[in-house]
Amino acid sequence: YLFNPLRVANEGLWVGTNNGLNYINLKTNQITKYQTDDYPNMPGNNIAVLQFDQSGNLWVGTRTGLCIWQPRSGEFKKKYSDHVPENEAIMQLYIDAEKRLYIGTHRHGLFICTPEMELIQQLNKSTQPALSDDAISCIFEDSQHQGFDDVLVEQSFGCLLNQEVGIFLGDRIELHQSSSLCCNPQ
């Protein structure tokens, strides 16, 4: 499954694949390939999600970890902390207006971190009964905000994270088809 394999930047398109990360220059049609053989700080070639931060860095979630592409240096930097396991499958990423990084994993639930990877909160099925399991498949913020910042975290059904109180409200929304959900809208 590839959840967010495409991101547009300046004059190009970033494409995450099961065989690395590609950058397509849309003016020249030149393709630059990024794989672990040439970039050892990429945790893996199986790209699941791409997300830009406010500084223009590209966060890359792979099946074996998280890294960030820093365009100024032209390098990848592995991103992990004592709280987010180094080889965890990163399935979703979202960065909110306050620069909090939401990391949706395959086995350990949702991590909410600072850009420096300091843990703000970890939410999983053992800490939040509304979560049916620890696999997070989609994250996005409600554009209506309805009085507080809402972040939708999807599994096989939807759960709503209320940032004010830090809990999941499993009965607040209903998703009829997971395929109709657009992840990380820009």
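Count residues from 1 along the sequence. Keep in mind that this is a model prediction, so the values were computed, not measured.
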Regarding Ser55 and Asn57, do their side chains bring together a donor and an acceptor under 3.5 Å, going by distance alone? no

Check residues 30-43 and write down every donor-acceptor pair under 3.5 Å in which the side-chain atom is one partner and the other belongs to a residue at least two apart or another chain.
| from | atom 1 | to | atom 2 | distance (Å) |
| --- | --- | --- | --- | --- |
| Gln35 | NE2 | Asn19 | O | 2.8 |
| Gln35 | NE2 | Asn19 | OD1 | 3.2 |
| Thr36 | OG1 | Asn45 | ND2 | 3.2 |
| Asn41 | ND2 | Phe76 | O | 3.4 |

Excluding sequence neighbours, so at least two apart, what forms side-chain contact (heavy atoms from CB on, under 4.5 Å) with Pro115? Lys99

Could you check whether any side-chain N or O of [X] sits under 3.5 Å from a backbone N or O of [Y], counting only pairs where one atom can act as donor and the other as acceptor?
X	Y	value
Gln54	Asp96	yes
Gln122	His108	yes
Asn22	Val15	no

Would you check, one step at a time, whether the test side-chain contact (heavy atoms from CB on, under 4.5 Å) holds for Leu66 with Val60? CA-CA 6 Å; Leu66 179 64; Val60 180; 5.9 Å; no

Can you measure from [atom1] ([X]) to [atom2] ([Y]) and round to the nearest 0.5 angstrom?
X	Y	atom1	atom2	answer
Trp14	Leu58	CH2	CG	6.0 Å
Ile136	Leu110	CD1	CG	5.5 Å
Tyr23	Leu13	OH	CG	8.5 Å
Gln92	Thr105	CD	OG1	11.0 Å
Phe111	Gln121	CZ	CD	11.5 Å

Can you list the steps and then say if Ile103 with Leu93 is a side-chain contact (heavy atoms from CB on, under 4.5 Å)? CA-CA 5 Å; Ile103 303 169; Leu93 295 169; 4.0 Å; yes

What pairs of residues pass the salt bridge (Lys or Arg N to Asp or Glu O under 4.0 Å) test when at least one of them lies in residues 103-122, not counting sequence neighbours? Glu88-Arg107

